[in-house]
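Just below is one structure, and these are the notes that go with it.
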Amino acid sequence: MIDTHSHIDMLQNPEAEIEESLKAGVEKIIIPGVEPDTFDKITEFIDKYDCVFGCIGVHPSEAQKFTNDTAKKIALLAQHPKIVGIGEIGLDYYWDKTFVDTQKKVFQTQIEIAMSLDLPVVIHDREAHLDTFNILKETKYNKVLMHCFSGSVEFARECTALGWYLGIGGVVTFKNARKMKDVVKEIPLEHLVLETDAPYLTPHPFRGEENAPKYLNLIAKEIANLKDLTVEFVQKETTKNAEKIFNFNKGE
């Protein structure tokens, strides 16, 4: 299995959790970028652990920290053989709508960087489905992973019709997550990948505890249950999907 989105650098004991994850069948973990100050920390992690890869990007909530120097640093660090995407980038209207125009500008700039490097974009979209979709669609870029997908079945269909992928995490295991369960039932497995978003959104029955990549199989099991498939098939196919999105052999 591949955990396509995991902030393992935020865990209480990252090294122990990486070991536990390998034992649980997680062969690769991708750390997303959040803000410029964390970029060097990410490169340190991916250099230290063979199974850990990274993305570089500025989260929309941190968009006001983005400068021309940030753009240059992203483009430079993205040359690293284990940096496999640009993200997490996008729009977030949930926390603060006072700098939406800045978010959009920073989002567009980072998409352009990704396109110039032929790297996928890992998208954070919270309460901003229409604007996120329209900005991405206008670029005609299809190397898109919608991290922690939270939209409707109809929105999921619009995204996957353009060849995009949906990141499915611990929310799908929550009993009240009817919309998310419907998305998983209706969208073909060929468009889904696994993620934990650790340390957040811990799957049932460990909800409330720190999340970690070792719980990825709980997500795979729920997807298998909802789609009436074997867990092994879900593990195999979502791994294939992640390998289509991310070039893990970039440095070879």
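For the numbers below, each heavy atom of this structure counts, side chains included, while hydrogens, waters and symmetry mates do not. Owing to the predicted nature of the structure, the values given are computational and were not obtained by experimental measurement.
Here Lys143 pairs with Asp118 in a salt bridge; the nearest charged N to carboxylate O distance falls below 4.0 Å. Under 4.0 Å is where a charged nitrogen must lie from a carboxylate oxygen, and between Lys240 and Glu237 at least one such pair does. A salt bridge links Arg157 with Glu186: at least one charged nitrogen is closer than 4.0 Å to a carboxylate oxygen. The pair Lys41-Glu44 does not meet the salt-bridge criterion, since no charged nitrogen lies less than 4.0 angstrom from a carboxylate oxygen. A salt bridge is defined here as a Lys NZ or Arg NE, NH1 or NH2 lying under 4.0 Å from an Asp or Glu carboxylate O, and Lys105 with Asp101 fails to meet this definition.
Looking at Asp197 and His7, their side chains do bring a donor and an acceptor atom within 3.5 Å of each other. No hydrogens or angles considered: nothing links the side chains of Thr196 and Asn211 as a donor-acceptor pair under 3.5 Å. The closest side-chain donor-acceptor pair between Gln235 and Asn217 falls under 3.5 angstrom. For the residue pair His147 / Glu195, a side-chain donor-acceptor distance below 3.5 Å is found, with atom types taken as modelled. With hydrogens and angles left out, the side-chain atoms of Thr98 and Asp96 include a donor and acceptor closer than 3.5 Å.
By the 4.5 Å heavy-atom criterion applied to side chains, Asp40 and Lys73 are counted as neighbours. Side-chain contact check for Thr230 versus Val234: every heavy-atom pair is 4.5 Å or farther apart. Side chains of Pro120 and Ile86 form no contact here, defined as non-hydrogen atoms less than 4.5 Å apart. Between Asp47 and His80, some side-chain heavy-atom pair lies under the 4.5 Å cut-off. The closest side-chain heavy-atom distance from Asp125 to Met146 is below 4.5 Å. A heavy-atom distance below 4.5 Å is found between the side chains of Phe53 and Lys28. Annotation: side chain of His191 is not in contact with side chain of Asn241 (no heavy-atom distance under 4.5 Å). The shortest side-chain heavy-atom distance between Gln12 and Glu17 does not fall under the 4.5 Å cut-off.
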Report task. Decide side chain to side chain contact (heavy atoms under 4.5 Å, CB included) for Ile89 and Val106; before the verdict, give the C-alpha distance in whole Å, the side-chain angles of both, and the deciding distance to 0.1 Å. Result -> CA-CA 8 Å; Ile89 63 175; Val106 169; over 6 Å; no
Requested in this report: Check step by step if side chain to side chain contact (heavy atoms under 4.5 Å, CB included) holds for Ile168 and Val193.
Outcome: CA-CA 6 Å; Ile168 307 300; Val193 296; over 6 Å; no
Query - Verdict with supporting geometry, Ile2 and Thr238, side chain to side chain contact (heavy atoms under 4.5 Å, CB included) - result: CA-CA 8 Å; Ile2 296 175; Thr238 54; over 6 Å; no
Requested in this report: Kindly determine whether Tyr165 and Glu190 satisfy side chain to side chain contact (heavy atoms under 4.5 Å, CB included), including the steps that lead there.
Outcome: CA-CA 8 Å; Tyr165 292 82; Glu190 66 195 52; over 6 Å; no
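Under a cutoff of 6.0 Å and an axis angle of 45°, Arg126 and Tyr93 do not form a cation-pi pair.
In this structure, the separation between CD1 on Ile83 and CD1 on Ile74 is 10.5 Å, given to the nearest 0.5 Å. Atom OH of Tyr200 sits about 9.5 Å away from atom NE2 of His5, to the nearest 0.5 Å. Taken from NZ in Lys185 to CG in Leu226, the straight-line distance is 6.0 Å, to the nearest 0.5 Å. Here the CZ atom belonging to Arg207 is positioned 12.5 Å from the CD atom belonging to Glu209, to the nearest 0.5 angstrom. Atom CD1 in Ile31 sits 12.5 Å away from atom CD in Glu88 (nearest 0.5 Å). Between atom OG1 of residue Thr132 and atom NE2 of residue His124 there is a gap of 8.5 Å, rounded to the nearest 0.5 Å.
The two atoms that bring Ser61 and Trp95 nearest to each other are OG-CD1, 4.3 Å, heavy atoms only. Nearest heavy atoms, Ile46 versus Lys82: O-NZ, 2.6 Å. Looking at every heavy atom in both residues, Gly54 comes nearest to Ile42 through CA-CG2, 4.2 Å. When all heavy atoms of Pro60 and Gly90 are compared, the pair lying nearest together is CB-O, 3.2 Å. Nearest heavy atom pair, residue Lys179 against residue Ser150, reads NZ-O, 3.0 Å. In this structure, Val171 and Ala177 approach most closely via the heavy-atom pair O-CB, 3.2 Å.
A distance-only check finds no donor-acceptor pair linking the side chain of Lys181 to the backbone of Ile223 [under 3.5 Å]. At distances below 3.5 Å, at least one donor-acceptor pair connects side-chain atoms of Gln103 with backbone N or O atoms of Asp92. Side chain of Thr67 to backbone of Thr70: a donor-acceptor contact under 3.5 angstrom is found. Listed for the Glu222 side chain is no donor-acceptor partner under 3.5 Å among the backbone atoms of Leu218. Formation of a donor-acceptor pair under 3.5 Å by the Lys214 side chain with backbone atoms of Glu20 is not found in this model. The backbone N or O of Val26 lies less than 3.5 Å from no partner atom in the side chain of Ser21, so there is not a single donor-acceptor pair. At distances below 3.5 Å, not a single donor-acceptor pair connects side-chain atoms of Thr202 with backbone N or O atoms of Gly208.
With a 6.0 Å radius and a threshold of 12 heavy atoms from other residues, nucleotides or ligands, Lys227 has its NZ atom above the threshold. Other residues, nucleotides and ligands place more than 12 heavy atoms under 6.0 Å from the CG atom of Asn134. Within a 6.0 Å sphere centred on CZ of Phe99, heavy atoms belonging to other residues, nucleotides or ligands number more than 12. By the neighbour-count criterion of 12 heavy atoms within 6.0 Å, atom CG of Asn176 is densely surrounded, having more than that number from other residues, nucleotides or ligands. The environment of CG in Asp50 is sparse: at most 12 heavy-atom neighbours from other residues, nucleotides or ligands sit within 6.0 Å.
No chain of hydrophobic side-chain contacts below 4.5 Å, direct or via other Ile, Leu, Val, Met, Phe, Trp or Tyr residues, connects Leu91 to Leu145. Put simply, Ile245 and Ile113 are part of two different groups of oily side chains (I, L, V, M, F, W, Y) that touch within less than 4.5 Å, one to the next. Under the 4.5 Å side-chain heavy-atom criterion for ILVMFWY residues, a single connected hydrophobic cluster contains both Ile219 and Ile8. Taken together through direct or relayed side-chain contacts under 4.5 Å among Ile, Leu, Val, Met, Phe, Trp and Tyr, Leu166 and Phe246 form parts of separate hydrophobic clusters. Residue Leu201 is grouped with residue Ile29 when hydrophobic side chains (ILVMFWY) are merged at heavy-atom distances under 4.5 angstrom, including chains of intermediate members.
Here the two rings, on Tyr215 and Phe206, have centers that are under 6.0 Å apart.
Ring orientation note: the planes of Phe149 and His129 are close to parallel, at an angle under 30° on the 30°/60° scale.
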